[in-house]
Every structure is written in C-alpha cells, then in structure tokens.
Protein chains: 2
Amino acid sequence: MGKKRVTLADVARLAGLSTTAASMILTGRPDTRLSPEAHKKVHDAAASLGYRPNVAARALRTDKSRSIAFISDYVATTRFASGLIRGALSAAEQAKHVMLVLETGGEPAREIQAVETALDRQVDGLIFAAMRAREVFVPDLAINVPVVMLNGTSARFPISVLPAEYEGGRRAVELLVSSGITKDIVLLGHNAKQEEGLFRSETISRRFMGIRDAMADAGLTFAAELSCWNWEPNFGYDLTRKLLKTQRPRALLCLNDRLAFGAYQALGEAGIRTPEDVALVSFDNDELASYLRPGLTTIGLPHEEMGSRAVELLLAPSRIPQANLIDMPVVMRGSLPRNCS
Amino acid sequence: MGKKRVTLADVARLAGLSTTAASMILTGRPDTRLSPEAHKKVHDAAASLGYRPNVAARALRTDKSRSIAFISDYVATTRFASGLIRGALSAAEQAKHVMLVLETGGEPAREIQAVETALDRQVDGLIFAAMRAREVFVPDLAINVPVVMLNGTSARFPISVLPAEYEGGRRAVELLVSSGITKDIVLLGHNAKQEEGLFRSETISRRFMGIRDAMADAGLTFAAELSCWNWEPNFGYDLTRKLLKTQRPRALLCLNDRLAFGAYQALGEAGIRTPEDVALVSFDNDELASYLRPGLTTIGLPHEEMGSRAVELLLAPSRIPQANLIDMPVVMRGSLPRNCS
DNA sequence: AGCATGTGCTAAATGGATTTAGCAAAGCGG
DNA sequence: CCGCTTTGCTAAATCCATTTAGCACATGCT
C-alpha cells in the first residue's frame with residue numbers, strides 16, 4: 001500500500017552511482033562515456049527494483065510525453081471509427097506511445113477544447129480523424145506538434161492519409177468486366193453533389209472518377225444511374241424496387257455496402273437470384289457484407305491500415321507533406337459470377 | 001513559433017503576486033485568505049495571457065493527471081466497443097478528464113504492459129472493459145488507483161457495470177406475450193454452456209434465467225430450442241432453415257441480432273412473412289436491426305450508458321462496491337405484430 | 001501597553017526526471 | 001616532471017505547479 005514508486009534516485013543509490021549516470025544509461029544516450037560496469041550496475045538495479053520512469057516528470061523536462069491524441073468528430077456513429085482507432089492504437093503501441101482519444105462531434109468549441117486538452121498534456125502529435133471524409137476544420141490554435149489528417153484533409157496541415165478511392169473505383173468496374181459483365185450495369189448511389197466533391201470530400205469524387213474512367217476504358221456506359229442523397233439501406237431498397245419495375249439489370253454497382261444491403265432486400269423480394277441474375281459489387285467491406293447471402297463482393301475501406309499509417313507518419317522522423325493513399329482491397333465474396341479464370 | 005507556453009510564473013508576475021497566490025487562486029482553494037482584488041488580478045492576468053496549466057508539472061506534484069485509462073481486450077472486433085468507448089469518452093469529457101485507450105487482445109503480456117503504461121502516466125483510474133462479457137483477467141500488479149470493470153467482472157475489483165440481462169431476458173418474453181403470442185415460440189441460440197455461465201460470463205446466463213422465468217410465469221414452454229456455439233448470422237440461417245423443414249413456428253426468440261439476421265434470410269427464402277407469419281424478438285440492438293425489413297424489435301445493449309456509468313463510478317468520490325446493472329431498453333420495430341393496446 | 005489572533009501574502013521546498021557544466025584521476029607526449 | 005587530453009563520473013540547474021511553513025502587519029481585548 002504505502003510503498004511509493006521506485007524513482008531514479010533509488011536506482012542510482014542501489015547502483016552506487018549518480019542519478020545523472022542512471023538517467024543517461026537508462027535512456028540509452030549514445031555519446032556517454034560511462035563504463036560497461038556502470039551500465040550493468042544500473043540496469044541490474046533498475047530491474048531488481050522494477051523501476052519505471054515517471055512519465056510526468058520526464059514530460060515536464062523534455063516536453064515529450066510519448067503520447068499522441070486522436071481527435072475525431074465521431075467515434076461511434078460510424079463503424080469506421082473503430083477500425084481507424086484500432087489501427088492507430090496498434091501502431092502507437094508498437095512505437096511505445098499511448099493514445100488519447102477525444103471526440104468533438106464536429107463542434108468547433110469542443111474541437112478547441114480537445115486540442116487544448118491534448119496540448120496541455122504535451123502530446124507528441126495530433127491526429128485529426130474525420131468519420132465522414134471531408135475537408136476538416138481544425139481550430140486556429142498555435143499547434144507546435146506534428147499533425148496528420150486521417151480520412152480527411154486540411155489546408156493547414158498537408159499530411160493526410162486517405163483511401164485510394166480512384167483506384168478503388170476502377171477496381172469495382174474492372175471486377176464486373178472481368179466477370180464477363182459488359183452491359184446492363186446500373187450505378188446505385190449516384191449523387192451529383194458528391195461526385196463534384198461539393199458535399200463530401202474529394203475522396204468520394206475520386207471514387208466516381210475511377211468508376212467513370214474505368215467504364216470509359218472498357219467502352220461501357222451505365223444502363224441507369226440511381227441517385228440518392230443518403231447511402232442507407234432503405235434508399236438502396238427503394239431505388240432498386242423502382243428500378244426493377246422498368247428494367248432488369250445484369251449488375252448493380254453500389255456506392256456502399258448499405259445501399260447494396262437494401263438492394264439485396266429488393267432483389268430477394270422480387271425473387272431475383274444473385275449472382276446468377278444480378279451481380280453486385282460495392283464499397284466499404286462493412287461487417288454487413290459478410291453476413292449477406294451470397295456474401296457481397298466489395299472494395300474495402302482499409303481503415304486499420306489508414307489508422308496505423310497515420311500514426312507512423314506522425315511519429316516518423318522525416319515527414320514529407322503528401323497525401324498517403326492507402327490501397328482499397330478487393331474482398332471477393334459470392335455476389336459476382338465466377339467467370340474469369 | 002518560438003513563443004513558449006505561458007507559465008504560472010508569468011501570470012503571477014503580471015498580476016504582481018507570487019506564484020503561490022496565483023496557484024491557490026487558480027486552483028480555487030477554499031480556505032485561502034487572499035483578497036478579492038488578488039483574485040481578480042490573477043484571473044485577469046491568466047485570461048489575458050491565455051494561461052493553461054502544464055498538466056505534467058501538476059501531475060508530478062499532485063500525482064493526479066485528470067486522465068483515465070480504458071483498457072479493453074478488443075476495440076474494433078466487436079461493434080460494442082465503440083459504444084462503450086463513446087459513452088466513457090463523453091462522461092470523461094464532462095468530468096474534464098482525458099481518456100487513454102489501450103487494447104490488449106486479451107493477451108496477459110499486453111495487459112501487463114497496458115496497466116504499467118497507464119500507471120506510469122499517473123492515471124486517476126482504470127477501466128477494464130471486456131468485449132465478451134466474462135470474468136476478466138486483471139494482471140496481478142500493484143494498482144493504487146480506482147478500478148471499474150466494464151461489461152465484465154473480476155474477483156479483485158468488485159465494482160462493475162453490466163447490462164441488466166435478467167430483466168432484459170424477461171422483457172423479450174413479455175414482448176411476445178403482450179403481442180398475443182403464446183405458443184410455437186422457438187428459442188434460437190440456446191447454448192448449454194453459456195446458459196450455465198461456463199463459457200461466457202454470468203451475464204449471458206442471467207439473460208437465460210430471465211427468459212426462463214418469464215416463460216414460466218406466463219405458463220409457456222418453447223416449442224423448440226435451437227443450439228449453436230456461435231451467434232453469427234449463418235448459424236441463425238442454418239438453424240432456421242432446418243427448423244422450417246419440420247415445423248412452422250409462430251415466433252423466434254433470438255439470442256442476438258445476428259442470429260436474427262440469419263433467421264430473416266431463411267424466412268425470406270421460404271417466403272414466410274414477418275411479423276404476420278413469424279414474429280421475431282432479439283437482443284443487442286445492433287446497427288443491423290434497423291436495416292432489416294421489417295425492422296427488428298430487439299432488447300438493446302445499453303453500451304453508451306454503460307461506458308458513461310463506468311466513468312462516473314470511477315470518478316465518484318464514494319464508490320460503493322456493487323454491480324451496476326444498466327437497463328436494457330426495448331427497441332420497438334416491426335418484427336412483432338401490433339396486438340397489444 | 002502587551003499579547004493573542006487574524007489577515008494577506010510569499011519564500012522555499014517539493015515532485016522525478018533530464019541536462020549542462022565541470023571535477024578528479026588517469027594516460028600520454030616530450 | 002609538466003601540461004594536455006581523455007575517461008568516468010557527478011553536482012546542480014532545470015522543467016512548472018503545488019504546498020508547507022511562516023513573515024509582516026493590522027486588529028481586538030484587557
């Protein structure tokens with residue numbers, strides 16, 4: 001109970017050396033002239049006492065705390081958040097850093113609060129994560145630590161980690177083409193504003209660009225483009241139902257898995273089989289995608305990798321301003337016919 | 001750039017007082033004999049300089065850091081985690097605390113690491129969160145701060161926050177009964193080991209107890225109990241399909257939403273309508289539940305509230321050892337017939 | 001006047017590490 | 001043997017806020 005923590009002074013005393021020596025040895029300074037015996041004595045003493053440095057004391061002196069702040073607009077609202085956090089967490093753990101998680105709800109006042117709270121704690125870096133990829137508002141405070149934008153961008157902070165949406169968009173189309181589907185492809189979830197990058201961020205508009213370019217390259221056009229302003233299952237359901245009244249598509253290219261989910265429901269009700277009658281490809285690799293029957297083939301959002309990349313960039317000694325585009329993996333399931341060899 | 005942070009000494013200097021005075025005033029000490037003018041001068045100086053205390057320095061002196069650690073086995077694997085984290089985060093924010101999130105994967109070595117890292121940082125409390133409710137292993141380290149178990153229990157630390165599973169179990173049955181369903185109810189997801197509390201924690205076994213008791217109270221018995229060892233959609237699907245070959249239930253009581261999801265698929269394929277032909281109730285209030293058609297009526301796991309309660313307990317001045325059972329809300333959707341008035 | 005009490009404030013110690021500046025002894029060259 | 005460098009190590013300052021101990025002056029009471 002009453003046992004106080006072991007301090008560096010205790011270690012030094014047991015080793016018969018000064019705290020200076022102990023400190024230098026334990027922090028592994030390179031240019032020190034301390035003898036091998038001293039090293040051994042200090043390490044032994046530290047080990048036998050179970051010494052753990054007091055991070056606050058160290059932070060006070062060095063202005064480094066081996067911790068980073070993960071500031072996001074929403075952590076639970078979207079299922080994406082936990083992937084980003086998990087990835088960031090594991091990279092932080094590898095780098096022997098600890099992660100503060102802060103949520104702002106996108107409210108400027110809370111954002112300011114969050115940044116100040118983090119800075120008060122001498123964090124070694126800030127990650128601003130956006131759950132809805134977009135240009136992120138970053139409070140106009142003096143920030144004297146590295147910043148990485150995650151799943152979003154900011155004019156002030158040029159280093160950002162984003163999914164490689166353009167390539168992802170292309171892949172979705174290529175998947176259809178290589179499954180032998182070359183006509184009656186319907187785009188589900190078109191949205192002019194998003195496509196122009198007005199509503200959400202550029203990232204989604206890049207997904208559209210990838211899709212358009214790949215279609216053009218394959219010499220294809222969509223049989224229809226179904227628009228909606230929100231990518232939720234019921235929109236997918238309604239749009240697909242309406243579609244089926246007038247035409248019978250060969251494939252649905254869905255802008256996300258939840259739209260696809262709704263489409264499955266409408267197809268199921270109409271007694272249309274997947275993938276024999278209608279094939280589907282989608283984006284996100286939501287948990288949902290694996291629950292569907294047949295499993296939904298989808299271009300995954302690489303959240304974990306994005307999260308860990310963000311931390312790596314943040315802590316890397318030389319950080320080059322750039323957008324780090326993380327590959328969107330193809331997750332093959334059963335919603336495409338197995339046609340290609 | 002080169003501007004250093006404002007320190008308490010700066011504030012004191014501007015106010016024309018000692019740092020002692022400044023400290024006492026800013027920390028709001030009650031028994032101080034400093035004059036109202038002194039208070040004003042210090043507050044004005046602090047405000048005009050934008051003073052923010054250095055948390056490390058304060059932590060060093062007071063051994064309190066206004067931060068807590070959230071140590072969980074998994075953060076992303078289950079969709080539950082983010083609810084718990086979010087709830088904890090918001091309660092922490094309210095209490096002006098910051099939250100470190102640490103993931104251990106349930107590995108003892110990482111658990112030890114996590115606890116030590118947290119303790120090194122003078123956290124004011126530890127939350128051990130289990131994503132799979134169970135008796136949690138807590139590393140056998142000297143922990144000199146409050147601990148709250150979240151969604152799990154530990155012999156060493158008696159304060160825990162759990163869902164009120166017994167009541168939840170009862171409610172699911174009562175929902176069926178009050179919908180006028182009194183026979184041909186099938187239990188989906190029975191598992192003897194879980195029911196006995198062997199595999200998972202007591203919490204699930206309490207859910208079973210609630211279900212059994214409510215059935216008994218209503219004078220009902222299950223028409224069948226379908227067992228499986230894993231509550232994933234495909235199990236729900238397979239079991240329901242098999243069931244439908246031999247009998248036609250009036251209702252399915254599913255142990256979680258993913259099983260129910262699988263059941264929906266099997267029912268849909270068989271052309272059976274919900275809720276007219278078969279009604280469903282389930283547990284969790286997964287995101288899924290709202291996507292289904294009709295929406296799944298389910299007994300929700302109150303993750304956010306659990307998370308915030310855990311933090312409140314942790315930081316409350318007097319913490320009474322007890323299990324805090326958080327109410328599991330009934331989330332009404334369309335999978336039950338509207339019968340009751 | 002003399003003494004206790006109260007008021008308003010501060011000097012200095014403290015927490016635990018890092019870091020600067022520098023000391024003492026040994027080694028070396030001539 | 002003298003002066004210079006190298007080796008091996010340490011005293012003390014430092015980071016910044018909190019807190020203990022206590023000073024100087026005013027007031028009240030007898």
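Convention: sequence-line order gives letters A, B, ...; per-chain numbering from 1.
- In this structure, B/Leu17 places its CG atom 16 Å from C1' of D/dA17, rounding to the nearest Å.
- When the nearest nucleotides of DNA chain D are assigned to B/Ala57 and B/Met24 by heavy-atom distance, the more 5′-ward of the two goes with B/Ala57.
- A donor-acceptor contact under 3.5 Å is formed by the side chain of A/Thr20 with the base of D/dA11.
- Distances were taken from every side-chain heavy atom of A/Asn54 (C-beta onward) to each of C/dT20, C/dA17, C/dC9; the shortest belongs to C/dA17.
- Counting non-hydrogen atoms under 4.0 angstrom, A/Ala38 reaches the backbone sugars and phosphates but no base.
- For the pair A/Leu26 CG and C/dG16 P, the computed distance is 16 Å after rounding to whole Å.
- Between the side chain of B/Arg61 and the base of C/dG15, no donor-acceptor pair of N or O atoms lies under 3.5 Å.
- In terms of heavy-atom proximity, B/Asp140 sits nearest to B/Arg156 at CA-NH1, 3.6 Å.
- The two residues B/Leu314 and B/Pro146 make their nearest non-hydrogen contact at CD1-O, 3.5 Å.
- When rounded to the nearest whole Å, the span between CZ of B/Arg52 and P of D/dA17 equals 12 Å.
- At the phosphate of C/dG8, neither OP1 nor OP2 sits under 4.0 Å from any side-chain N or O atom of B/Ser35.
- Counting to the nearest Å, the P atom of C/dG8 and the NZ atom of B/Lys40 are 18 Å from each other.
- Between B/Lys41 and B/Asp44 there is no salt bridge, since none of the side-chain N atoms of the basic residue sits less than 4.0 Å from a carboxylate O of the acidic one.
- The 5' end of DNA chain C is approached more closely, in terms of each residue's nearest nucleotide, by B/Pro36 than by the other of B/Ala56 and B/Pro36.
- Per the geometry, CG belonging to B/Leu34 stands 8 Å off P belonging to C/dT10, to the nearest Å.
- Atom P of nucleotide D/dC16 and atom CZ of A/Arg121 are separated by 17 Å, given to the nearest angstrom.
- A/Ser23 comes within contact range of at least one nucleobase, with a heavy-atom separation under 4.0 Å.
- Taking every heavy atom of both residues into account, B/Ile68 and B/Leu315 meet most closely at CG2-CD2, 4.0 Å.
- Using a 4.0 Å heavy-atom distance criterion, A/Ala59 is classed as making no nucleic acid contact.
- The CG-P distance, from A/Leu60 to C/dG15, rounds to 14 Å in whole Å.
- Spacing between atom CG of A/Leu8 and atom P of C/dT19 amounts to 12 Å, rounded to whole angstrom units.
- Using a cut-off of 4.0 Å between Lys/Arg side-chain N and Asp/Glu carboxylate O, B/Asp120 and A/Arg5 are scored as salt-bridged.
- Closest to the B/Pro53 side chain, of the nucleotides D/dA17, D/dT19, C/dA17, is D/dA17.
- One finds no side-chain N or O of A/Tyr51 lying less than 4.0 angstrom from the OP1 or OP2 phosphate oxygen of C/dG16.
- Along DNA chain C, the nucleotide nearest A/Arg58 and the nucleotide nearest B/Ser18 are compared for position; the residue whose nucleotide lies closer to the 5' end is B/Ser18.
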